[in-house]
Amino acid sequence: AAGGLTGSLRIHVLEARNLRACDFRGLSSDPYCVFTCLPECVPRKVKTSFKKRTLNPVWDEVLTVAVARATRLCITIKDRGILGSSDVCGEGGIDLEAYAFVDNQTSATVPLSPQGELRLVLELLDETRLFGLDIGLVCDRESVRVPSVLTRCMAAIETFGIDCEGIYRVPGGKATIDRLRDEFIRNPAYEFTEEECGDVHSISSLLKQYLRELPEPLLTEAASTSLVAATLHPAGDQARIAALRDIFARLPVANYESARALFQHLYLMGEHAAVTRMPLANLAMCFAPTLISIPTPDPLSPLPSTPMATPAAAATPAAAAAVVSTPTANGVSVSSGQTPRAPGPADEVIAAVLFILRNSPTLFGERHRALPFSGNQDVPRPAPQRSTSRVLFQHYDRQTGLLDADSFALLWSDMGFFLQGDFEATLAAICGERPGVTWPAFRDWFDTTGHTLMLSGPLLQTLVRVRTHFQHFASRADHADSNSFNALCSDMHACGTVWTTPPSDIFAAIACDGLVSVEDFCRWLWREKYFDSSR
């Protein structure tokens, strides 16, 4: 690629072999990869999760950076070992101009210095893509929770189409839709003009087109079967609500936030069905084919009747009266004398969610509007910022959508939360009955509680030094026996620490089964105010 690569570079990190050992015994490492591009990329660098005590780690993780005329991919594999460690297990790089990308993809085995190799796959995505690009990549690129094209379309429709008959059923003009599509490709923060807002059917068609062209349905293929099962839950409405809430919580962050905003928007539009003639059941039939992927049943076998079919068709006499026209699969209405398309499982899932929102508005939490409509006014806006909670969650998430106990413990240790809280109690409170910490649960905990526990910069640096010192003397992983602990305290005293309690008494007070953990030692130092002075 002469002149370098421009676009979104997706790095699929597979595995490394025969890395250099970095622990003080020379036996193992806790490696993670750091990537950066020259001359520049956004973000400046990306990194994988770390793997415990191995010289042959397998990551199978995908990272993405935006590049402009990039000529070299720089790779550093570091040993996490202990917070703040800068030991290098291996270094290498790829001359991007020398690689031939076939169908925008290439594989590479990178030799590392002083030893080892790294296998990865590179994929170059067109930087101008918006439609047809993974929704998580769009959100990362725009630094938003919900893609701007969705938030701006929904805001304009709620402002100018709230009383528009046939909204989402009547298609817009192709020329207008194509022009608006091009505007958003050129500028994701594009604002509709007042003239464009007069054609809300084109705006609604653009919104549906964006969702329809996603490489994977918004509610993901993995969640489809579970969503159908949840709407058929035999234990009643509360069990359905609990099951749906759990399924949505497991969606990827961008999918969850976008689905949350979209369903709340559709529910709001359904509240005006008396004017728009688009009740929730009709909206569900319009959006179901684009939101969820369910295998088409055998046409020779009848569709099973479900508890949700009746309320989806007409939850109340008023809603039944409001169903004047029914949309077909392609969005064209069917007159009352014709036979409408029979609701399928996908329609019933979307209808169930919308009707549950009527009785349980907290299914997705409080209503979220990323950006109110303001027309095409030249009003200064603050630059969008990625929330700290999202950055942390995505850094420690192992591509599963959940922080398991090990991942959350790592975050808990890295951020110094253990100095002021109880890990087991916090984990139990956030997880509930789930096997891990979901994105919504983590967001709510961190934004209301977690960020208040974060330590100041100088204090965190002191914590890093203590933990690094401890790791050097630890007799086993992050634990020290009596002899190792005494050597640690003697060395800290030689470095200037003034002990007011004999090390033997400290060991007796905090040891468990003859060993002291680094967390217990740091917590004791915190409690005894050793972090508060030059002691």
Side-chain angles (χ1 to χ4, degrees), residues 131 149-181 184 192-213 218 259 261-292 309 311-344 346-355 357-358 373 375:
F131 291 75
V149 62
L150 287 183
T151 57
R152 280 163 169 75
C153 285
M154 291 187 292
I157 292 168
E158 291 177 11
T159 304
F160 296 96
I162 202 73
D163 57 354
C164 181
E165 183 174 342
I167 189 68
Y168 287 120
R169 174 173 53 83
V170 178
K174 184 178 185 304
T176 303
I177 297 171
D178 290 344
R179 182 174 57 78
L180 293 177
R181 177 189 176 111
F184 275 99
F192 296 111
T193 65
E194 291 187 10
E195 181 181 356
E196 290 166 345
C197 289
D199 186 5
V200 291
H201 291 304
S202 293
I203 295 176
S204 65
S205 296
L206 179 69
L207 184 151
K208 290 195 295 182
Q209 187 177 93
Y210 174 78
L211 294 173
R212 185 168 55 249
E213 294 186 18
L218 184 64
L262 178 65
F263 276 114
Q264 290 168 339
H265 163 74
L266 294 179
Y267 173 73
L268 176 65
M269 300 303 295
E271 291 292 282
H272 297 267
V275 179
T276 64
R277 299 192 176 189
M278 288 297 292
L280 296 181
N282 285 23
L283 291 171
M285 294 186 73
C286 282
F287 277 87
T290 65
L291 295 182
I292 188 171
T316 64
V323 185
V324 176
S325 59
T326 303
T328 61
N330 59 9
V332 179
S333 63
V334 177
S335 63
S336 58
Q338 295 175 305
T339 302
R341 173 173 70 87
D347 304 312
E348 294 178 5
V349 168
I350 305 305
V353 174
L354 291 173
F355 277 98
L357 275 175
R358 169 178 293 172
F373 176 81

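Only a predicted model underlies this, so the values are computations on that prediction, with no experimental measurement involved.
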(message) For the CG atom of Leu354 and the CG atom of Asn282, what is their distance to the nearest 0.5 Å?
(response) 11.5 Å
(request) Kindly compute the distance separating CZ (Arg169) from CE (Met285), expressed to the nearest 0.5 Å. (result) 12.0 Å
(message) For Cys286 versus Met278, what's the shortest heavy-atom pair and its separation?
(response) SG-CE, 3.8 Å
(request) Compare every heavy atom of Val149 with every heavy atom of Phe184, then report the nearest pair and how far apart it is. (result) CE2-CA, 3.8 Å
(request) Return the set of residues passing ring-ring contact (aromatic ring centres under 6.0 Å, His included) with Tyr210 (not counting sequence neighbours), or none when no residue passes. (result) Phe131
(message) Tell me the closest heavy-atom pair linking Ile162 and Thr276, and the distance in Å.
(response) O-CG2, 3.3 Å
(request) Compare every heavy atom of Met154 with every heavy atom of Leu207, then report the nearest pair and how far apart it is. (result) CD1-CG, 3.5 Å
(message) With rounding to the nearest 0.5 angstrom, report the CG to CE distance, Asp163 to Met269.
(response) 8.5 Å
(message) For the OG atom of Ser204 and the CD1 atom of Ile167, what is their distance to the nearest 0.5 Å?
(response) 4.0 Å
(message) Could you measure the distance from the CD atom of Glu165 to the NE2 atom of His272? Nearest 0.5 Å is fine.
(response) 15.5 Å
(request) Quickly, which of Leu218, Leu268, Val353 forms a side chain to side chain contact (heavy atoms under 4.5 Å, CB included) with Phe263? Name it, please. (result) Val353
(message) Show the nearest heavy-atom pair for residues Arg212 and Thr290, with the distance to one decimal.
(response) CB-CG2, 3.9 Å
(request) Identify which one of Val200, Thr159, Leu180 satisfies the side chain to side chain contact (heavy atoms under 4.5 Å, CB included) criterion when paired with Phe192. (result) Leu180
(request) List the atom of Gly270, the atom of Leu280, and the distance in Å for their closest heavy-atom pair. (result) CA-CD2, 3.6 Å
(request) Carefully, step by step, assess Tyr168 and His265 under the rule ring-ring contact (aromatic ring centres under 6.0 Å, His included). (result) CA-CA 12 Å; Tyr168 287 120; His265 163 74; 5.8 Å; yes
(message) To the nearest 0.5 Å, what is the distance between CG on Leu211 and CG on Leu262?
(response) 6.0 Å
(message) Quick one: does any side-chain atom of Ser205 pair with a main-chain N or O of Pro171 as donor and acceptor, under 3.5 Å?
(response) no
